[in-house]
Amino acid sequence: MTTDYDPIAEQYQRAKQQPWRTFVESYTLMNLVGDPSGLSVLDVACGEGFYTRMIRHRGAARVVGVDLSQGMIELAQTQETRRPLGIEFRVADARELTDTEPFDLTIAAYLLNYASTQDELEAMCEGIARSLKPGGRFVTVNSNPARDFSLAPSYRKYGFETSVIGDWQEGTPIRWTFHLADGSFEIENYYLSQESHEQAFRKSGFREVRWHRPELSPDFLPQSDRDFWSTLLEFPPIAFVECIK
Ligand SMILES: C[S@@+](CC[C@H](N)C(=O)[O-])C[C@H]1O[C@@H](n2cnc3c(N)ncnc32)[C@H](O)[C@@H]1O
């Protein structure tokens, strides 16, 4: 599994400032999260804590962020030390989460697309299910498993591009190239079909599974530029899922 974010942790943090992240990714994810006031929330694959902090700011009572990458957790912890929000960050593998402190809500932005096999996907979903109380919710965003990325349009105008390594089949790597002002960097994740995801969710004990498309925030004001977003919204490279345990 390509999960080594240590060398690109700082660049990844800056790529999170691209407008599509704010006006499409964050907007849609936070709509699905809803009002987290008073809830205990676990952010799995929290990275440097982008969504972990956002959810705490939105009123969650207790927030924990876990990630496999020591470099990402160090970036998250540095920010927590600089501006304490009372978030606990620690290194942990999604596949090994326990049921010792179940949460009301677990979120994961771009975790499941790191599974390259059905077994890995199921191990992640089982860990996430263990992290939740009965009736708890899981909200996630990933590379869109309903899209054939070998036929994807160019997303260059949004600041990134995708390409496929090899034939399009279960486990095929998808390469994402992010363009920043001072250069570009790449990450790779994997294609597993929507059916594979459905099966993993059900097998892990999730009873309701709802898929959602990305939406554009009304806060994106320049109306004349709305056409700018059509490629991203009509051929969405990301998909959102909400599951109830
Ligand atoms: C694309 S980053 C997303 C970070 C953050 N959620 C965000 O949206 O900014 C994917 C993260 O998944 C983490 N990751 C990959 N496999 C993991 C696993 N099995 N358990 C926990 N974290 C994992 C990586 O270390 C990386 O920080």
Side-chain angles (χ1 to χ4, degrees), residues 1-30 32-33 41-57 63-80 87-98 103 105-131 138-144 159-160 162 171 173-178 180 185-190 192 200 204 214 237-241:
M1 196 166 33
T2 309
T3 52
D4 190 5
Y5 271 72
D6 293 3
I8 55 152
E10 184 273 334
Q11 281 173 306
Y12 188 80
Q13 185 180 29
R14 283 193 285 134
K16 216 65 190 170
Q17 305 307 321
Q18 291 180 332
W20 75 277
R21 301 284 205 177
T22 308
F23 295 113
V24 178
E25 177 189 298
S26 301
Y27 171 72
T28 311
L29 189 68
M30 288 304 120
L32 292 174
V33 162
V41 182
L42 176 65
D43 183 5
V44 187
C46 65
E48 51 80 32
F50 185 85
Y51 286 119
T52 339
R53 288 185 296 278
M54 195 176 284
I55 282 181
R56 176 71 169 142
H57 279 304
V63 184
V64 176
V66 298
D67 198 284
L68 200 57
S69 157
Q70 179 77 38
M72 284 295 204
I73 290 296
E74 278 167 15
L75 273 181
Q77 192 53 56
T78 301
Q79 292 170 90
E80 174 65 18
I87 301 173
E88 189 185 325
F89 287 106
R90 51 177 189 250
V91 175
D93 189 326
R95 296 165 293 186
E96 285 159 21
L97 295 171
T98 62
F103 292 80
L105 170 70
T106 294
I107 68 157
Y110 305 107
L111 166 70
L112 301 183
N113 49 206
Y114 282 99
S116 61
T117 64
Q118 185 68 19
D119 283 353
E120 256 175 4
L121 184 63
E122 287 177 10
M124 285 179 183
C125 291
E126 281 162 12
I128 288 159
R130 281 195 298 275
S131 77
F138 172 48
V139 175
T140 185
V141 55
N142 295 284
S143 294
N144 185 353
F160 69 93
T162 61
I174 304 167
R175 179 174 291 150
W176 293 66
T177 305
F178 292 94
L180 300 174
F185 72 97
E186 290 176 347
I187 58 175
E188 269 175 36
N189 52 34
Y190 302 96
L192 289 175
S204 311
I238 56 172
F240 298 77
V241 198

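Numbering of ligands and ligand atoms starts at 1, following listing order.
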ask   = So do the side chains of Val241 and Leu112 get within less than 4.5 Å of each other, counting heavy atoms only?
value = no
query = Any nitrogen or oxygen of Ile187, main chain or side chain, under 3.5 Å from a nitrogen or oxygen of ligand 1?
reply = no
task = Check the pair Val141, Thr28 against side chain to side chain contact (heavy atoms under 4.5 Å, CB included), reporting the backbone distance first and the verdict last.
result = CA-CA 9 Å; Val141 55; Thr28 311; over 6 Å; no
ask   = To the nearest 0.5 Å, how far apart are OG in Ser131 and CG in Leu97?
value = 5.5 Å
message = Please check whether Asp43 reaches ligand 1 - meaning an N/O of the residue sits under 3.5 Å from an N/O of the ligand, judged on distance alone.
response = no
inquiry  = How long is the straight-line distance from OG1 of Thr22 back to NZ of Lys16, given to the nearest 0.5 Å?
reply    = 9.5 Å
request  = Go through ligand 1 atom by atom and flag the ones less than 4.0 Å from a non-hydrogen atom of Asp93.
outcome  = 18 (C), 19 (N), 20 (N)
request  = Determine whether any heavy atom of Ala108 lies closer than 4.0 Å to an atom of ligand 1.
outcome  = no
inquiry  = Does ligand 1 come near enough to Val66 that some N or O of the ligand is less than 3.5 Å from an N or O of the residue?
reply    = no
ask   = Under 3.5 Å, is there a donor-acceptor pair between the side chain of Glu120 and the main chain of Ser116?
value = yes
Min N/O separation Lys16 to ligand 1 under 3.5 Å = yes
inquiry  = Does ligand 1 come near enough to Ala109 that some N or O of the ligand is less than 3.5 Å from an N or O of the residue?
reply    = yes
remark   = Checking heavy-atom distances from atom 18 (C) of ligand 1 to each of Leu111, Leu112, Ile73, the winner is Leu111
task = Report yes if some heavy atom in the side chain of Asp43 is under 4.5 Å from a heavy atom in the side chain of Ile55; otherwise report no.
result = no
Those atoms of ligand 1 less than 4.0 Å from some heavy atom in Ala94 = 18 (C), 19 (N), 20 (N), 21 (C)
key: Nitrogen or oxygen of Phe50 less than 3.5 angstrom from that of ligand 1   = no
task = Would you mind telling me if ligand 1 is within reach of the side chain of Tyr110, the backbone, both or neither, using heavy atoms under 4.0 Å?
result = both
ask   = Taking the inter-plane angle between the rings of Phe178 and Tyr12 on a 0 to 90° scale, is it parallel (under 30°), tilted (30 to 60°) or perpendicular (over 60°)?
value = perpendicular
query = Got Gln79 and Gln13 here, is their nearest side-chain heavy-atom distance under 4.5 Å?
reply = yes
Any N or O of Asp67 closer than 3.5 Å to N or O of ligand 1 = yes
request  = Considering the heavy atoms of Met72, write down every atom of ligand 1 situated less than 4.0 Å from one of them.
outcome  = 27 (O)
task = Flag the pair Ser26 / Tyr51 as yes when at least one side-chain heavy-atom distance between them is below 4.5 Å, and no otherwise.
result = yes
Note: Glu48-Arg53 ion pair, threshold 4.0 Å (strictly below) = yes
note = One finds that the ligand 1 atoms under 4.0 Å from a non-hydrogen atom of Ser69 are 25 (O)
remark   = Ala92 heavy atoms within 4.0 Å reach ligand 1 at atoms 20 (N), 21 (C)
